[in-house]
Student: 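Take a look at this one; I'll ask things after.
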Amino acid sequence: MSAQPHLPQRSRVARLVDELPPSGIRRFFDLVQATEGVISLGVGEPDFPTPWRFSTAAIDGLEAGRTTYTSNLGLLSLRRAIARHLDWLHGVRYHPDTEILVTVGVSEGLDLAFRAILEPGDEVIVPEPCFVAYTAAVRLAYGMPVTVDTHIETGFVPDPAAIERAVTPRTRAILLGSPSNPTGACIPCAVLQQIADIAARHDLIVVSDEIYDRLRYDDSGHTSFGTLRGAWERTILLNGFSKAYAMTGWRIGYACAPPDLLAAMNKIHQYTMMCAPIMAQEAALEALRHGEGAVADMVREYNQRRRFMVARLNQIGLACHEPLGAFYVFPSVRATGLDCETFCERLLREQKVAVVPGTAFGACGEGHLRATYAAGMDELREATARIERFLSSLR
Amino acid sequence: MTDPQRIELLEIIQRDPRAPAEELAARVGSEAAEVAAEIAHLEREGIIRTYRAVIDWDRVGDQHIYAFVDVTVKPEPDFGFDAIARRVALFREVHALYLISGGRDLLVVVEGRDFRDVALFVAEKLAPLKGVESTATSFVLRRYKEEGELLMGATDDPRLPVTP
Ligand SMILES: Cc1ncc(COP(=O)(O)O)c(C=O)c1O
């Protein structure tokens with residue numbers, strides 16, 4: 001063996017990636033995996049299987065040999081169905097030829113959006129607690145996330161004044177997730193309009209992750225950001241099939257934006273992804289054509305569990321605001337005197353219930369935990385009984 | 001209690017008859033006392049008829065044989081199918097009974113200990129009934145889904161235990 005020439009030390013991993021904070025969920029995942037007999041409320045995906053009818057559409061396609069690339073933008077039939085769906089559901093209009101891009105989940109949509117709009121060092125305002133990929137997606141596009149805290153006292157709805165205070169000359173965009181993972185908070189229409197006005201005043205783009213738009217449990221209904229006054233021109237709408245249609249593993253979603261922004265995103269997508277998998281696109285098309293009954297059934301079921309969880313957690317002493325969307329509760333554990341990581345670790349060790357510490361979703365998630373009610377009633381019943389036992393063991 | 005709440009309550013009870021009133025109340029967004037009163041009312045009215053379990057008898061090894069018996073009958077003047085349906089329904093061997101469209105008139109679900117038991121019931125009790133013109137018996141060989149519940153294979157949760 002010859003001696004290596006003496007070269008200056010350089011990490012094999014790019015500094016940007018090396019310095020990217022690891023997902024707070026990862027460490028907890030390892031702990032849970034190492035424990036037997038766990039009831040997990042730590043999952044961020046539906047417990048329902050994909051409605052069979054959607055799956056058979058993909059199977060039919062496979063049987064007919066439709067296993068090719070599609071157009072970069074995605075199947076025209078699917079884009080047309082998305083356009084009709086958004087118009088019908090939210091009254092927001094996007095043209096299937098130039099304003100809709102089928103993506104590999106909202107995950108890819110987030111990545112494309114920030115790579116398409118950020119110069120290195122540009123800032124993106126991100127209300128926290130938020131989905132774990134938000135700040136990472138900004139950083140990976142050489143941007144700087146600027147987080148704005150939200151609190152249980154205000155139902156985790158971001159304060160527009162705080163958002164405006166965070167605006168600097170480097171601010172390029174605001175990233176919103178409503179309904180929210182992990183808090184279940186839904187930003188009311190009036191507040192969204194205030195945020196839209198701020199975006200207009202400072203010429204910002206709004207990336208609106210509306211993946212939980214169907215999972216709403218109040219009567220006020222979902223407002224799609226592009227329908228707000230003066231917002232359409234500056235909105236990148238992200239949505240997908242993972243949650244409402246129970247299709248997480250299919251990896252299918254879509255982005256909608258004015259033609260210049262969409263073309264920029266598609267430019268990246270055509271080189272990095274080429275297109276979303278055709279079988280997932282066919283299943284998604286079936287979901288849009290014939291999925292309403294299945295969605296309604298699931299929403300009803302989630303809503304029953306949501307009411308149960310909120311009532312039960314408050315009853316056993318974990319103060320819980322009422323989440324109006326998604327499928328998470330985000331109760332406070334402050335009354336126990338434990339920080340949320342300790343609480344979650346001890347709950348896992350002592351009662352074998354897995355939930356996710358609030359800090360996995362941003363520092364201001366301290367004092368909270370995220371529990372999903374995308375789980376059967378038997379599990380929710382047993383998990384809450386165990387949490388109750390854990391709480392009484394602390395007294 | 002609103003009509004949609006009542007329907008939701010019934011749907012939950014149908015699938016989950018053991019849920020306590022307090023939990024039912026939370027799930028439909030009502031009060032425990034109101035739910036208890038509503039259930040008592042629904043029971044009195046005969047809307048909730050009974051509470052029962054879905055059992056996969058095949059796995060117990062106990063003999064429970066089911067057969068679907070298609071029956072054509074001659075409707076009686078004045079009573080139509082109801083009179084004969086009543087005579088059929090009263091047999092304890094009859095598990096379920098429906099008036100159906102298509103080529104046959106009644107669908108009788110017969111329950112018995114074994115094939116012979118069921119065949120003899122059809123031959124000796126059902127077929128000779130006045131008004132019965134023909135019967136065709138199809139035995140259930142395997143049950144895949146019942147009362148909306150899949151009876152095939154264990155359904156382990158395929159999800160990872162913690163995901164974003
Ligand atoms: C708020 C939010 N956005 C995006 C995603 C990613 O979704 P997809 O499966 O479409 O990539 C998730 C998944 O957990 C989410 O909760």
Side-chain angles (χ1 to χ4, degrees), chain A residues 23-35 38-47 49 107 130-134 136 181-182 217 242 248-249 297 300-301 303-312 314-315 344 348 354-356 360-361 370 372 374-381 384, chain B residues 1-39 42 48 51-56 59 143-164:
Chain A
S23 161
I25 280 191
R26 183 70 230 175
R27 196 181 70 86
F28 213 69
F29 176 83
D30 294 338
L31 272 179
V32 173
Q33 285 261 290
T35 318
V38 173
I39 296 186
S40 180
L41 305 185
V43 187
E45 60 183 318
D47 58 316
S107 302
C130 69
F131 179 49
V132 295
Y134 285 177
N181 172 8
Y217 310 107
S242 287
T248 47
D297 284 352
R300 226 140 76 111
E301 179 85 28
N303 194 14
Q304 291 172 10
R305 301 164 177 181
R306 178 187 71 101
R307 294 201 198 100
F308 168 77
M309 282 300 273
V310 172
R312 189 82 172 97
N314 280 316
Q315 179 205 0
C344 294
L348 178 64
V355 292
V356 183
F361 308 97
R370 187 195 76 176
T372 181
M377 273 307 300
D378 289 341
E379 285 165 302
L380 296 180
R381 236 177 251 140
T384 47
Chain B
M1 182 164 290
T2 63
D3 284 350
Q5 274 179 318
R6 186 173 302 110
I7 288 168
E8 216 165 337
L9 179 66
L10 286 168
E11 283 176 356
I12 298 174
I13 292 174
Q14 183 170 31
R15 259 190 309 157
D16 200 356
R18 291 175 312 159
E22 196 169 319
E23 182 193 304
L24 290 171
R27 284 164 77 178
V28 303
S30 174
E31 300 298 324
E34 194 186 353
V35 163
E38 184 66 33
I39 290 175
L42 292 164
I48 298 176
Y51 299 86
R52 54 179 53 186
V54 178
I55 292 167
D56 189 352
R59 299 190 36 202
R143 299 185 303 162
Y144 295 115
K145 188 173 182 181
E146 198 154 283
E147 299 280 335
E149 297 287 327
L150 274 185
L151 301 176
M152 310 163 70
T155 45
D156 278 345
D157 191 339
R159 297 174 298 167
L160 296 171
V162 181
T163 50

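These numbers come from a predicted model, not from an experiment. So you know, we letter chains A, B, ... as the sequences are listed, proteins then strands, and number each from 1.
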Student: Which heavy atom in B:V162 sits nearest to a heavy atom in A:F29, and how many Å separate them?
Tutor: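 Nearest heavy atoms, B:V162 then A:F29: O-CD1, 3.4 Å.
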Student: Out of A:S23, A:S40, A:G249, which one racks up the most heavy-atom pairs below 4.5 Å with chain B?
Tutor: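 Option with the top pair count is A:S40.
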Student: Are there residues of residues 143-151 of chain B that reach to under 4.5 Å of chain A by heavy atoms, and which ones?
Tutor: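 Against chain A, none of the residues of residues 143-151 of chain B fall inside the cut-off of heavy atoms under 4.5 Å.
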Student: Please report the shortest heavy-atom distance between A:M377 and B:D16, naming the atom on each side.
Tutor: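 In this case the closest contact between A:M377 and B:D16 is CB-OD2, 4.3 Å.
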Student: Might you point out which heavy atoms bring B:L160 and A:V43 nearest each other, and give the distance in Å?
Tutor: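 For B:L160 and A:V43, the tightest heavy-atom pair comes out as O-CG2, 3.6 Å.
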Student: Sequence neighbours left out, what passes salt bridge (Lys or Arg N to Asp or Glu O under 4.0 Å) with B:E11? Give chain and number order.
Tutor: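 Listed in chain order: A:R300.
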Student: What's the shortest heavy-atom distance between A:V32 and B:P161, and which atoms?
Tutor: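 Nearest pair, atom of A:V32 first, then B:P161: CG1-CB, 3.6 Å.
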Student: Side chain, backbone, both or neither: which part of A:V356 has a non-hydrogen atom closer than 4.5 Å to chain B?
Tutor: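 For A:V356, the side chain is the part near chain B, not the backbone.
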Student: Please say whether more than 12 non-hydrogen atoms of neighbouring residues, nucleotides or ligands are located less than 6.0 Å from CD in B:E31.
Tutor: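 No, because the 6.0 Å sphere around CD of B:E31 holds 12 heavy atoms or fewer from other groups.
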Student: If you count heavy-atom pairs under 4.5 Å with chain B, which of A:G376, A:A360, A:A375, A:P46 comes out on top?
Tutor: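 Going by pairs under 4.5 Å, I would pick A:P46.
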Student: Can you tell if the side chain of B:R15 reaches within under 4.5 Å of the side chain of A:E301, non-hydrogen atoms only?
Tutor: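 Yes, close enough: below the 4.5 Å cut-off.
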Student: Rounded to the nearest 0.5 Å, how far apart are OG1 of A:T248 and CZ of B:R159?
Tutor: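 So the gap between those two atoms works out to 8.5 Å.
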Student: Under 6.0 Å from the CD atom of B:Q14, do we count more than 12 heavy atoms belonging to anything else shown?
Tutor: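 Counting other residues, nucleotides and ligands, CD of B:Q14 stays at 12 neighbours or fewer.
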Student: Looking at every heavy atom in both B:P164 and A:N181, which two are closest together, and how far apart are they?
Tutor: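 What the structure gives for the nearest pair is O-ND2, 2.9 Å.
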Student: Can you tell me which of A:R305, A:R306, A:R370 forms the most heavy-atom pairs within a distance under 4.5 Å of chain B?
Tutor: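 So the answer, after comparing A:R305, A:R306, A:R370, is A:R370.
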Student: Listed by chain and number, what are the ring pair (Phe, Tyr, Trp, His ring centres under 6.0 Å) partners of A:Y134, not counting sequence neighbours?
Tutor: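 Partners of A:Y134 by the ring pair (Phe, Tyr, Trp, His ring centres under 6.0 Å) criterion, ordered by chain and then number, come out as A:F131.
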Student: Sort by residue number and list every member of residues 18-27 of chain B having a non-hydrogen atom under 4.5 Å from chain A.
Tutor: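 Interface residues of residues 18-27 of chain B: B:A19, B:E22, B:E23, B:A26, B:R27.
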